[in-house]
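Structure record follows, encoded as structure tokens.
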Amino acid sequence: MTEIFWLIPFIPAISSFILVIFGSKLPRKYISFQACFAVFISFAITIISFVGLMQMPQGSSPLVKNLFSWIQSGSFKADLSFQFDPLTAVMCFVVTGVGLLIHIYSIGYMAEDKSYARFFTLMNLFTFSMLILVMASNLVLMFVGWEGVGFCSYILIGFWYEKHSAANAGKKAFIVNRIGDAGFLLGIFFIFIHVGSGEFSAINEAIAGGSITQGIATLIALLLFAGATGKSAQIPLYVWLPDAMEGPTPVSALIHAATMVTAGVYMVARMNALYTLSGTGANVVAIIGAVTAIYAATMALVQNDIKRVLAYSTISQIGYMFIGCGVGAYAAGIFHLYTHAFFKSLLFLAAGSVIHALSGELDMRKMGGLRKYLPITYPVFLIGAIAIAGVPFLSGFFSKDAILTSAYARGQYGIWLLGILGAILTAFYMFRLIFLTFYGKERLEPETKAHLHESPKSMTIPLVILAFFSVVAGYIGMPVVLGKNINWFNSFLAPIIHGGPGHEAHLSIGTEWLLILVSVLVALTGIYLAYVFYLKKPEIPKKLVSRFPFLYKLLYNKYYVDEIYNATFVNPTIKGSKFVYKNFDLKIIDGAVNGSASATGFFGLILSRLHTGLIKDYALVFLLGAIILIGYLIF
């Protein structure tokens with residue numbers, strides 16, 4: 001049965017195609033059933049393929065299905081081929097499993113939307129694109145999925161395009177990602193020049209055989225990572241992700257937890273042999289990840305929009321994943337991607353449940369005391385917050401600790417320290433969100449309170465399932481201090497991870513316990529500080545704002561990066577394009593085209609004078625022509 005793995009991406013694609021053609025004529029129940037069932041079938045095939053993969057002898061080659069030769073030009077060749085190995089399996093479980101729950105949740109959340117069919121069409125297309133990305137056996141086909149998720153994010157972020165802000169957010173996401181993707185494409189070109197193939201197996205063989213020098217590896221690694229900073233919203237191309245909250249909440253959950261922003265992390269892990277060879281490239285990945293983790297966390301501290309807090313949280317958590325990959329602990333980075341998929345989708349969907357209950361309200365300053373009104377949403381939201389804060393023994397604790405421990409074990413003490421600081425900020429801003437939303441005095445508008453209600457079962461059941469996995473998902477990757485050979489996740493990915501300096505780095509049991517203790521204390525400290533600031537002594541934040549107004553404005557206005565980008569790139573580009581349009585396009589290009597048309601008309605007018613319509617005139621011209629011809633022949 002494992003030979004059917006290549007069908008995984010095509011089931012949502014077929015569903016999307018059917019909905020494009022017939023969606024406007026189909027009843028809503030059928031639309032949602034088909035869209036969800038398609039993702040369920042892909043999930044089921046993933047399970048079947050995973051079981052087959054586990055039954056294969058150790059050291060076997062990955063499952064590969066070459067459908068046909070796709071591009072052939074000279075020595076360049078790219079096949080439409082898919083592979084299924086341990087890393088692919090993890091990503092397919094995330095995309096189809098978490099994606100299925102988000103699809104089900106959407107049934108209730110989008111129930112009243114007029115563009116119901118369009119929404120599920122695009123959600124299926126998004127799932128298909130991400131599956132193409134993670135299952136491709138070569139970089140060229142991966143790039144198709146890479147651009148596919150970029151297009152889907154653009155059109156889903158701007159789903160409510162009637163809103164000017166939503167349309168702009170979609171365009172911003174699309175344009176910013178094109179900048180990174182230009183680097184990504186150049187990286188693919190350099191790989192083909194030096195390897196002669198885009199197949200991952202050929203790239204790894206070339207690296208192992210010494211066909212790629214360390215300098216070339218660094219160049220390619222940095223170019224590919226430029227694309228990753230766009231897709232995975234890292235410095236300096238992170239600016240599109242906070243604005244992406246303009247899209248429907250299920251879209252936010254899908255982007256942040258199961259599809260687009262995980263693409264860059266997956267790419268680095270897939271190309272781990274290249275980054276290990278480069279060294280410098282890996283260090284850049286770790287540094288950018290660590291700085292982004294802190295940078296985004298500081299902005300989350302002061303945001304009042306419940307979804308934007310989670311958006312900056314995602315940017316920060318993706319930074320942790322890049323820390324893991326950058327220090328050589330690729331399995332730890334993917335492990336955090338895996339656990340993050342559960343608690344981040346839970347947090348976004350639970351936030352959507354709060355927004356749904358409050359008839360669209362997003363501002364946490366207009367919430368408070370909601371835990372008694374939302375008996376299901378509140379506890380699952382709390383579980384998600386505990387998980388992302390890194391509290392034992394939920395999933396986020398295991399994966400974040402694996403990354404920080406790996407950084408310390410590999411001598412990256414500065415990276416480890418930044419990770420610890422990011423952890424305390426994470427715990428603080430997440431419980432700030434919890435306390436402002438569910439505790440304290442009610443700050444609800446009268447109209448909002450009148451319509452306050454818990455979400456329907458189509459929304460709450462996925463929340464409960466995600467809460468369960470947010471608790472238990474981390475137990476497949478427990479630290480070695482709790483026993484030998486119990487980190488099944490690392491063992492499962494071992495055939496894909498090619499190692500490198502410090503790959504086998506180990507710490508003493510006492511040191512590992514000390515690092516775990518530090519991580520726990522950091523998380524609990526962040527939670528306690530949030531409790532003091534927002535429940536016990538709520539006047540403290542106001543005093544800090546009045547005492548440090550510049551710092552508060554700096555964080556609240558997101559370090560004015562958008563304004564800087566507008567001043568240095570956006571506005572000059574717009575002004576320059578207008579200048580070129582007026583002085584070159586209109587005057588020269590249009591002038592030449594219009595001038596040729598005018599000249600043609602002028603000569604046509606002259607020639608039209610010769611066409612009188614009188615036979616005697618035409619006979620005279622004919623006679624003159626005959627005389628001229630005879631004269632030419634005689635003389």
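If you read the sequence from its start, that first residue is 1, and numbering goes on from there. What you see is a predicted model, and the numbers here were worked out from it, not measured in a lab. Quick note: numbers below take in every heavy atom, side chains included, and nothing from hydrogens, waters or symmetry partners.
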Any cation-pi pair here, Arg118 with Phe159, using under 6.0 Å and within 45°? yes
Cation-pi geometry met for Arg371 and Tyr373 (6.0 Å, 45°): no
Looking only at heavy atoms, which two atoms of [X] and [Y] are closest? And how far apart?
| X | Y | answer |
| --- | --- | --- |
| Pro12 | Pro9 | CD-O, 3.3 Å |
| Gly264 | Ala228 | CA-CB, 3.7 Å |
| Val149 | Lys231 | CG2-CE, 3.8 Å |
| Met364 | Val309 | CE-CG2, 3.8 Å |
| Ala233 | Leu241 | CB-CD2, 3.7 Å |
| Tyr320 | Gly422 | OH-C, 3.0 Å |

Determine, stepwise, if the pair Tyr429 / Tyr312 fulfils ring-ring contact (aromatic ring centres under 6.0 Å, His included). CA-CA 10 Å; Tyr429 69 66; Tyr312 285 110; 9.2 Å; no
Angle between ring planes, [X] versus [Y], binned at 30° and 60°: parallel, tilted or perpendicular?
| X | Y | result |
| --- | --- | --- |
| Phe469 | Phe342 | parallel |
| Phe438 | Tyr378 | tilted |
| Phe174 | Tyr154 | tilted |

Between Phe431 and Tyr534, is the ring centroid distance below 6.0 Å? no
Taking the six-membered ring for Trp, is the centroid-to-centroid distance between Phe93 and Tyr338 below 6.0 Å? no
Check whether any side-chain N or O of [X] sits under 3.5 Å from a backbone N or O of [Y] as a donor-acceptor pair, and report yes or no.
| X | Y | answer |
| --- | --- | --- |
| Thr437 | Ile434 | no |
| Ser16 | Thr121 | yes |
| Ser395 | Ser470 | yes |
| Trp160 | Ala167 | no |
| Thr229 | Leu237 | no |
| Asn177 | Gly150 | no |
| Gln234 | Ile315 | yes |
| Thr377 | Leu374 | no |
| Ser577 | Ile574 | yes |
| Tyr105 | Ser353 | yes |

What pairs with [X] under side chain to side chain contact (heavy atoms under 4.5 Å, CB included), at least two apart in sequence or on another chain?
| X | answer |
| --- | --- |
| Asn168 | His164, Lys171 |
| Pro456 | His356, Ser458, Met459 |
| Phe40 | Phe37, Leu100 |
| Gln34 | Ser15, Ile18, Leu19, Tyr30 |

With the threshold set at 4.0 Å, does a side-chain nitrogen-carboxylate oxygen contact exist between [X] and [Y]?
| X | Y | value |
| --- | --- | --- |
| Asp181 | Arg178 | yes |
| Asp243 | Arg308 | yes |
| Asp585 | Lys578 | no |
| Glu442 | Lys372 | yes |
| Glu361 | Arg443 | no |
| Lys307 | Glu246 | no |

Heavy atoms, side chains only, cut-off 4.5 Å: are Met135 and Cys92 in contact? yes
Side chains of Ile255 and Ile157: closer than 4.5 Å at any heavy-atom pair? yes
Might you work through the side chain to side chain contact (heavy atoms under 4.5 Å, CB included) test for Leu370 and Leu444, ending with a clear yes or no? CA-CA 9 Å; Leu370 292 181; Leu444 306 173; 3.9 Å; yes
For the residue pair Arg28 / Tyr116, report whether a side-chain donor-acceptor contact shorter than 3.5 Å exists. no
What's the spacing between Leu358 CG and His453 NE2 if we round to 0.5 Å? 9.0 Å
Phe533 vs Phe435, test: ring-ring contact (aromatic ring centres under 6.0 Å, His included). Steps then yes/no. CA-CA 10 Å; Phe533 276 46; Phe435 294 142; over 10 Å; no
Which residues pass the ring-ring contact (aromatic ring centres under 6.0 Å, His included) test with His336, sequence neighbours left out? none
How would you list, by chain and number, every residue that makes a ring-ring contact (aromatic ring centres under 6.0 Å, His included) with Phe584, sequence neighbours excluded? none
